[in-house]
Structures are given as structure tokens and as C-alpha cells.
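In what follows, every heavy atom counts, from backbone to side chain, and hydrogens, waters and symmetry copies are set aside. Keep in mind that this is a model prediction, so the values were computed, not measured.
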Amino acid sequence: MMSTKKKKPPAHSRGSGNIFADLGLANAQEHQLKAALVVQLKRLMAEREITQTEAARLVGVKQPNLSRMLRGQFRLVSVVKLLRMLTAFHQDVEITVKPHRKRGRAGRITLFRPESCRKGEGS
């Protein structure tokens with residue numbers, strides 16, 4: 001027979017929303033931004049049903065490098081290069097700089113994707 005006692009969950013803490021910061025990596029915000037941009041590239045490739053070879057040709061990188069990047073190895077790729085890749089997919093990129101709401105705290109980097117992009121419009 002199975003016991004009816006509820007097991008306690010293992011000890012854990014709530015994440016910060018940035019796995020790279022939770023892991024203690026330097027430049028955690030930059031890593032999170034790069035990851036979000038790579039996710040957008042992967043989404044665009046899937047929507048257009050193109051291969052890595054076709055996508056690599058479109059964005060101007062070698063296919064093996066694109067493959068590594070899509071698997072999370074993007075440390076050697078700059079944010080600027082990722083933004084240029086998005087524009088090669090006919091995406092507009094907007095950068096907004098504004099004061100941080102909480103005084104005394106460092107600003108943050110956030111990727112915002114309008115609702116119209118989430119539904120596949122404007123691709």
C-alpha cells in the first residue's frame with residue numbers, strides 16, 4: 001500500500017527570473033538578453049520553416065556557428081550581431097532608454113515583444 005503522507009518538497013529558493021544571475025555568472029543580464037534574442041531567431045526560423053543552412057546564409061554566419069548559437073553557446077556572439085540577425089529576418093528592433101523606477105538600484109535590460117509578434121503577425 002502507498003503511504004498517504006505528503007512528502008515535503010526539497011529545499012529550494014525562488015529564482016530571480018534570470019537563470020544566469022541565479023547561477024552566479026558575470027554579465028548575467030547580457031546573457032539573458034542574448035538568450036532571448038536567440039529564442040526570437042529560432043522562432044522566426046520555425047515560422048518560416050527554413051533550415052539552419054538557409055538561416056545562416058540569410059544572417060551572414062556559417063551554419064555550424066548558427067547551430068552552436070541555437071544550442072545556447074552564444075558567449076562569443078555580440079548583442080549587436082544578434083540584433084543584426086533579427087533585422088535580416090525583416091524585424092524592426094527598437095531600443096528605449098529610460099530612468100529605472102527604483103532609485104538606488106541598477107537599471108535592467110528587458111526584451112519586449114509586442115502582442116502582434118506573438119501571434120505571428122508582422123513577420
Side-chain angles (χ1 to χ4, degrees):
M1 277 183 102
M2 293 185 64
S3 174
T4 58
K5 288 184 181 180
K6 290 186 179 181
K7 292 184 180 180
K8 286 187 177 180
H12 64 282
S13 60
R14 184 172 297 261
S16 68
N18 182 338
I19 185 67
F20 303 103
D22 295 344
L23 293 172
L25 297 178
N27 302 319
Q29 282 191 327
E30 182 179 354
H31 291 311
Q32 186 175 29
L33 176 60
K34 286 181 181 182
L37 295 172
V38 169
V39 165
Q40 293 304 309
L41 286 170
K42 195 167 187 170
R43 179 188 60 81
L44 290 165
M45 289 173 58
E47 282 179 5
R48 295 174 189 201
E49 299 178 347
I50 63 173
T51 65
Q52 284 186 9
T53 302
E54 293 166 326
R57 194 174 304 119
L58 177 67
V59 300
V61 298
K62 295 180 180 177
Q63 183 276 328
N65 293 340
L66 179 63
S67 178
R68 280 192 287 277
M69 188 180 63
L70 294 173
R71 288 183 280 125
Q73 298 175 19
F74 45 78
R75 284 182 181 237
L76 299 178
V77 180
S78 71
V79 170
V80 172
K81 179 68 174 174
L82 290 168
L83 295 174
R84 286 186 182 136
M85 289 179 185
L86 286 170
T87 62
F89 272 94
H90 304 112
Q91 302 297 296
D92 289 334
V93 176
E94 296 179 5
I95 299 173
T96 303
V97 178
K98 62 183 181 179
H100 188 58
R101 286 190 231 165
K102 296 180 182 178
R103 291 187 179 192
R105 297 185 106 183
R108 60 190 170 115
I109 299 171
T110 305
L111 177 67
F112 171 74
R113 204 175 81 180
E115 189 65 35
S116 62
C117 291
R118 292 185 192 119
K119 295 180 181 175
E121 298 173 18
S123 301

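One hydrophobic cluster, built from ILVMFWY side chains closer than 4.5 Å, holds both Val93 and Leu41.
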Walk me through it: do Leu70 and Met45 pass the test side chain to side chain contact (heavy atoms under 4.5 Å, CB included)?
CA-CA 11 Å; Leu70 294 173; Met45 289 173 58; 3.8 Å; yes
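Annotation: the span from Gln52 atom CD to Lys42 atom NZ amounts to 8.0 Å, rounded to 0.5 Å. Within the model, atoms CZ of Phe89 and CD of Gln40 stand 11.5 Å from one another, a figure rounded to the nearest 0.5 Å.
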Donor-acceptor list for residues 17-29 side chains, cut-off 3.5 Å, not counting sequence neighbours:
unit_1: Asn18; atom_1: OD1; unit_2: Phe20; atom_2: N; d: 2.9
unit_1: Asn18; atom_1: OD1; unit_2: Ala21; atom_2: N; d: 3.2
unit_1: Asn18; atom_1: ND2; unit_2: Ala28; atom_2: O; d: 3.2
unit_1: Asn18; atom_1: ND2; unit_2: Gln32; atom_2: OE1; d: 3.0
unit_1: Asp22; atom_1: OD1; unit_2: Ser16; atom_2: N; d: 3.2
unit_1: Asp22; atom_1: OD1; unit_2: Ser16; atom_2: OG; d: 2.7
unit_1: Asp22; atom_1: OD2; unit_2: Ser16; atom_2: N; d: 3.2

Anything under 3.5 Å between a donor and an acceptor, one on a side chain of residues 71-85, the other on a protein residue two or more places apart or in another chain? List them.
unit_1: Arg71; atom_1: NE; unit_2: Ser67; atom_2: O; d: 3.4
unit_1: Arg71; atom_1: NE; unit_2: Ser67; atom_2: OG; d: 3.4
unit_1: Ser78; atom_1: OG; unit_2: Lys81; atom_2: N; d: 3.0

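The two residues Leu66 and Ala56 have their closest heavy-atom pair at CD2-N, 3.6 Å.
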